[in-house]
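A short write-up of the structure that comes next.
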Amino acid sequence: MRTAADAGDAAALLAAVPAGRRVALVDPRFVGHVHALRLGLTDPRFPAATVPGALTALPEARGALLRALRHTTAAVGAGAPVVEPDADPAPEDRTVPGRIAVALEAEGIAVQRPALGSLVAAVPTDPEQQAAAEAGLASVDDEAVRLRSAVKAHDGFFTTYGISPYSRYIARWCARRGLTPNQVTTASLITALIAAGAAATGTRSGYVAAGILLLVSFVLDCTDGQLARYSLQYSTMGAWLDATFDRAKEYAYYAGLAIGAVRGGDDVWVLALGAMVLQACRHVVDFSFNEANHDAVANTSPTAALSDKLDSVGWTVWARRMIVLPIGERWAMIAVLTALTTPRVVFYALLVGCSLAACYTTAGRLLRSLTRKARRTDRAAQALADLADSGPLARAVASVAPGLPGAFTAPAVALLGTLVMIGAALLLPYGSWFTVAAAAVYALLSGLAVARPLKGALDWLVPPFFRAGEYVTILVLAARSDVPHAVPAAFGLVSAVAYHHYDTVYRIRGGTGAPPGWLVRTIGGHEGRTALVAVLAAVLTHASGFTTALTALAVAVALVVLVESIRFWVSSSAPAVHDEGELA
């Protein structure tokens, strides 16, 4: 920490700081809460950030900061606020840090301005302002605000009222003992894996222990994000762990339940894989719709207006959040039913609950899409194309196909291809080469569906149709094979592919785009993998080799996808993506 006599001295001091260090500039007259400064000066996700009277810059914004500071030197003396004769800037822009923040934005540097809520951050210029700032400082409990803002905004009912009231204190306990969010995230994963192992015992005591441990894992899952927000410890590794471990925990638990059921004489692997497929398809509907409308123009509709109206009534907000069966409600249901019933009942409840939730959310999004007047952007079309996960076969068709006209052509063609593929897997004799022919038709229609930019009102349905086509085909062919352990092998394959699809989503959310093209080509794209499984079923009919082939394919996909994913998420180019907490 250094004290500068004026702006020129500040420029010299900042220039002497090593290039790889973050720097901050704080007006000496600053009056405010410590957590306000913490929010403005220590969040690692943004190249520059500011609160009234303070500014910070990461190394990538240091050059622009020094240029702005040197330009300000001529106009600003020893810290006195300066207003240009022909300008009327906001009060927070009259200080040196405020003026520099405006200059940084003029250079194209994104400057984060965190919402402070009830926290005080001010640079008083007279006794009256000084008294008001100090009164506001005394009237707000800084630590209470920090704890409250650690809780994620807009969470589910169970998480909000059953977990967060005490998990925030666990987060503070962890912060005071130097624990990191990544350590808590890893503890959550380990706890969930132990829960899956307990469920795999197939005993009543094992099921009870599994249910309890699953809830403990969820408490830790909430705690890691709250710890990150409480201590502002965001990181690229943390973003990757947080984004992927939830899926790993849930799928491992499903597998544990299925193994435990088999030990008890009840084979529920088909139900376990069905629950995983349904949950993954639900998520891709959410992701695809949100990406399609992320930056839509004139993004309004009567359905959206009704939704906003319902959100203004307390009980309807919670009812609607519970209907969609978010992770908190879902894991609570799984934990209780595991302890009290059987794995078969757990999976039946999951399939029924997730099906109803999928119908509710998809119907609402269909209505919004059909009633709103919006023009999709190139960014949205590219995101949908990336989520489609088209491989070499579909891309070859798309490169030569003219693209079929019509507002709803893309989702209609994708749906037709999906129905052809799933129908063949279900209705044709198992191992028939006509199923392979259906896979060729599926690849052809998949290419036609993405031959034109996905900017139609319902084009966000294309990726979910492709996910259903691939996942359900693998499920059906494995279930109909009558080959020992084929369905568990298919479970592993779908898990590996689903990881790839979730990884794609989180990269797009972070603004870095989809995985590299070579990765998609290497693992074949959705249509390539579907065709390969159909060929394997035809060649290895009723032979144990089908299980071996599915296992080998699952291992190969998992290795390629995980190695590239780990390389990306630990690299410097990966984004630190975290959900925001409640406003201070």
Side-chain angles (χ1 to χ4, degrees), residues 147 150-153 155-156 158-200 206-257 276 279-280 283 325-336 338-339 346 350 495 498-499 502-503 505-506 562 565-566 569-570 576-581:
L147 269 176
V151 177
K152 188 169 73 173
D155 223 329
F158 176 72
T159 304
T160 299
Y161 292 105
I163 304 296
S164 293
Y166 58 87
S167 62
R168 69 183 74 181
Y169 295 100
I170 300 176
R172 182 171 66 179
W173 183 89
C174 292
R176 291 178 175 177
R177 282 153 185 82
L179 297 176
T180 67
N182 292 352
Q183 291 171 333
V184 178
T185 302
T186 303
S188 176
L189 174 66
I190 293 172
T191 305
L193 294 179
I194 296 173
Y207 290 148
V208 172
I212 295 172
L213 287 170
L214 187 64
L215 287 177
V216 173
S217 174
F218 183 65
V219 171
L220 293 174
D221 185 56
C222 295
T223 300
D224 64 357
Q226 292 168 356
L227 174 58
R229 288 183 287 271
Y230 180 85
S231 56
L232 296 178
Q233 296 184 72
Y234 302 111
S235 67
T236 55
M237 177 63 75
W240 176 60
L241 295 179
D242 190 57
T244 57
F245 276 14
D246 281 349
R247 303 287 76 75
K249 289 182 284 189
E250 192 162 7
Y251 295 166
Y253 194 81
Y254 289 178
L257 282 175
M276 184 171 71
Q279 188 60 29
H283 281 153
L325 208 63
I327 187 171
E329 277 73 4
R330 191 167 69 253
W331 281 28
M333 180 184 74
I334 293 171
V336 171
T338 298
V346 173
L350 271 172
S495 297
Y499 176 86
Y502 282 108
D503 186 52
V505 166
Y506 291 117
L562 281 173
S565 178
I566 292 171
W569 285 103
V570 301
V577 182
H578 286 272
D579 293 315
E580 295 295 339

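Note: hydrogens, waters and symmetry copies are ignored here, and every other heavy atom, side chains too, is used. When a residue number appears, it is its place in the shown sequence, counting from 1.
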- Query: For D224, which residues count as a salt bridge (Lys or Arg N to Asp or Glu O under 4.0 Å) partner, sequence neighbours excluded?
  - Reply: none
Once you round to the nearest 0.5 Å, how far does [atom1] of [X] lie from [atom2] of [Y]?
| X | Y | atom1 | atom2 | result |
| --- | --- | --- | --- | --- |
| L350 | M333 | CG | CE | 4.0 Å |
| L213 | I190 | CG | CD1 | 12.5 Å |
| D503 | S565 | CG | OG | 3.5 Å |

- Taking the side chain as every heavy atom from C-beta outward, state whether T159 and F218 have any pair of such atoms under 4.5 Å apart. yes
- Item | 4.5 Å side-chain heavy-atom contact, I163 and F158 | yes
Under the side-chain hydrogen bond (donor to acceptor under 3.5 Å, both in side chains) test, residues paired with [X] that sit two or more places apart:
| X | answer |
| --- | --- |
| S188 | S217, K249 |
| Y254 | E250 |
| Y253 | T338 |
| T244 | none |

So, using side chain to side chain contact (heavy atoms under 4.5 Å, CB included) as the criterion, who are the partners of [X] when residues are at least two apart?
| X | answer |
| --- | --- |
| L193 | L189, A252 |
| A255 | W269, F491 |
| V208 | R204, I212, A339 |
| A498 | Y251, Y471, Y502 |

- Donor-acceptor under 3.5 Å (Q233 side chain, L227 main chain): no
Per-pair distances, 0.1 Å, donor-acceptor, side chain in residues 168-176, under 3.5 Å, sequence neighbours excluded:
residue : atom : partner : partner atom : Å
R168    : NE   : S164    : O            : 3.0
R172    : NH1  : E143    : OE2          : 3.4

- With sequence neighbours left out, what residues match Y230 under ring pair (Phe, Tyr, Trp, His ring centres under 6.0 Å)? none
